[in-house]
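Take a look at the structure below.
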Amino acid sequence: MNEPLSEPVAPASGFEREHQRLDRQLRAHLLAVVGADFSAAHDKLTRWQRALLRHIDIENTRLLPHVPAGARWDARVYRLEHERIALLADEYAARVHAVAARPPRGARAQREAALNLLDAAHSLRHLLEHHHQREEMALALELPESLQQAAWRRRG
């Protein structure tokens with residue numbers, strides 16, 4: 001009669017752990033935006049963007065060349081999404097930089113700027129969410145675990 005209370009949870013894949021790390025960094029940036037601390041938001045976004053580009057480079061150079069024939073999605077799909085993510089991140093970073101360079105004065109102007117930045121981040125966040133899901137539900141299962149571990153371990 002001692003039945004488990006819940007199903008055992010599978011350990012997170014390397015993709016999940018890396019995506020969670022990136023998500024925490026982006027969330028820290030967004031919290032700084034909400035707090036109208038645009039200087040901190042800029043710094044946090046810069047760190048996130050650097051980590052994102054490292055992440056994309058690892059996937060493009062160490063993992064995607066090993067996508068097997070017959071995989072759910074071809075490596076080209078992931079690479080195209082990576083390009084789109086990097087482009088949206090650059091566009092968003094330019095907006096954050098502009099606000100941080102000339103911070104708005106007054107509570108209402110700060111709230112307006114924060115809302116505008118949150119709106120501007122929406123499409124980037126949406127794309128990231130779907131891209132991460134695609135990698136976690138397909139790519140993480142299609143690539144050998146040992147390859148994934150080696151790629152993320154050498155993140156540097």
Side-chain angles (χ1 to χ4, degrees), residues 5-68 71-101 103 113-156:
L5 297 176
S6 63
E7 292 291 318
V9 177
S13 72
F15 284 99
E16 289 172 302
R17 284 188 304 274
E18 291 298 314
H19 294 159
Q20 289 167 0
R21 186 178 62 80
L22 288 169
D23 290 344
R24 283 190 304 272
Q25 288 179 303
L26 185 56
R27 184 174 176 80
H29 155 74
L30 293 169
L31 288 171
V33 169
V34 169
D37 186 348
F38 300 114
S39 177
H42 180 270
D43 293 345
K44 290 174 188 305
L45 184 68
T46 298
R47 282 192 293 280
W48 171 81
Q49 194 171 17
R50 232 183 349 258
L52 173 72
L53 293 176
R54 254 191 328 272
H55 175 90
I56 288 172
D57 181 63
I58 288 168
E59 288 183 358
N60 285 349
T61 62
R62 299 181 195 166
L63 295 168
L64 294 182
H66 303 282
V67 171
R72 187 164 182 182
W73 289 288
D74 187 75
R76 181 180 56 80
V77 172
Y78 298 106
R79 284 189 185 99
L80 289 171
E81 286 183 342
H82 288 161
E83 289 174 15
R84 180 75 178 140
I85 289 166
L87 176 66
L88 288 176
D90 281 345
E91 291 173 355
Y92 178 66
R95 294 182 77 151
V96 171
H97 177 75
V99 172
L115 182 58
N116 289 336
L117 288 176
L118 294 175
D119 286 345
H122 181 75
S123 58
L124 172 61
R125 293 179 70 205
H126 182 76
L127 178 57
L128 282 167
E129 178 183 353
H130 288 281
H131 177 75
H132 290 173
Q133 287 174 350
R134 183 185 324 279
E135 289 180 343
E136 291 168 15
M137 68 186 262
L139 195 55
L141 304 176
E142 294 166 336
L143 294 176
E145 181 64 29
S146 59
L147 176 69
Q148 294 177 55
Q149 289 176 2
W152 299 123
R153 188 172 36 248
R154 291 178 30 213
R155 176 173 9 107

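Everything numeric here is computed off the predicted structure, so don't read it as measured data. Hydrogens, waters and symmetry mates play no part in the numbers below; they use all other heavy atoms, side chains included.
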Item to complete: Step through the shown structure and confirm whether more than 12 heavy atoms of other residues, nucleotides or ligands are within 6.0 Å of CZ on Arg79.
Response: yes
Item to complete: Calculate, to the nearest 0.5 Å, the distance between atoms CG and CZ belonging to Asp23 and Arg125 respectively.
Response: 8.5 Å
Discussion item. What I'd like to find out is whether the side chain of Met137 reaches to under 4.5 Å of the side chain of Leu141, using heavy atoms alone.
Written reply: no
Worksheet item: Is there side-chain contact between Leu26 and His29, with at least one heavy-atom pair below 4.5 Å?
Response: yes
Discussion item. What I'd like to find out is whether the side chain of Glu59 reaches to under 4.5 Å of the side chain of Trp152, using heavy atoms alone.
Written reply: yes
Discussion item. Ignoring hydrogens, what is the shortest heavy-atom contact between Leu127 and Glu81? Give both atom names and the distance.
Written reply: CD2-O, 4.5 Å
Practice prompt. For the pair Arg62 (side chain) and Ala151 (backbone), establish whether a donor and an acceptor sit closer than 3.5 Å, ignoring hydrogens and angles.
Written response: yes
Item to complete: Taking the six-membered ring of Trp73 (Phe, Tyr or Trp), confirm whether the NZ or CZ of Arg134 is under 6.0 Å from its centre and within 45° of its axis.
Response: yes
Worksheet item: With Glu136, which residues qualify under salt bridge (Lys or Arg N to Asp or Glu O under 4.0 Å), at least two apart?
Response: none
Fill in: Nearest heavy atoms of Ala93 and Gln49, plus distance in Å
CB-OE1, 3.5 Å
Response to the item:
By side chain to side chain donor-acceptor pair (under 3.5 Å), Asn60 pairs with (sequence neighbours left out) His82
Worksheet item: Should Val99 and Val33 count as side-chain neighbours, where that means a heavy-atom distance under 4.5 Å?
Response: no
Worksheet item: Can you tell if the side chain of Arg24 reaches within under 4.5 Å of the side chain of Gln20, non-hydrogen atoms only?
Response: yes
Practice prompt. State, to 0.1 Å, how close His66 and Leu143 come at their nearest heavy-atom pair, and which atoms those are.
Written response: O-CD2, 3.3 Å
Discussion item. Quick one, Leu139 and Leu64 - any side-chain contact, counting heavy atoms below 4.5 Å?
Written reply: yes
Practice prompt. Any chance you could measure Ile58, atom CD1, to His55, atom NE2, to the nearest 0.5 Å?
Written response: 8.0 Å
Discussion item. Using modelled atom types and a 3.5 Å cut-off, is there a donor and acceptor pairing between side-chain atoms of His19 and backbone atoms of Phe15?
Written reply: yes
Practice prompt. Compare all side-chain heavy atoms of Leu63 with those of Leu147 and state whether any distance is below 4.5 angstrom.
Written response: yes
Discussion item. To check you understand the geometry: which heavy-atom pair defines the closest contact between Ile85 and Leu124, and what is its length?
Written reply: O-CD1, 3.8 Å
Distance-only donor-acceptor pairs under 3.5 Å for side chains of residues 40-48, two or more places apart:
{"residue": "His42", "atom": "NE2", "partner": "His97", "partner atom": "ND1", "Å": "3.3"}
{"residue": "Thr46", "atom": "OG1", "partner": "His42", "partner atom": "O", "Å": "2.9"}
{"residue": "Trp48", "atom": "NE1", "partner": "Leu22", "partner atom": "O", "Å": "3.4"}

Worksheet item: Would a 4.5 Å heavy-atom cut-off, applied to side chains only, mark Arg21 and Gln25 as touching?
Response: yes
Discussion item. Quick check: closest heavy atoms across Leu53 and Ala86, and the distance to 0.1 Å?
Written reply: CD2-CB, 4.2 Å
Worksheet item: Just how far is it from atom CD of Gln148 to atom CZ of Arg17, taken to the nearest 0.5 Å?
Response: 8.5 Å
Item to complete: Determine the minimum heavy-atom distance between Ala100 and Phe38, stating which atoms define it.
Response: CB-O, 3.6 Å
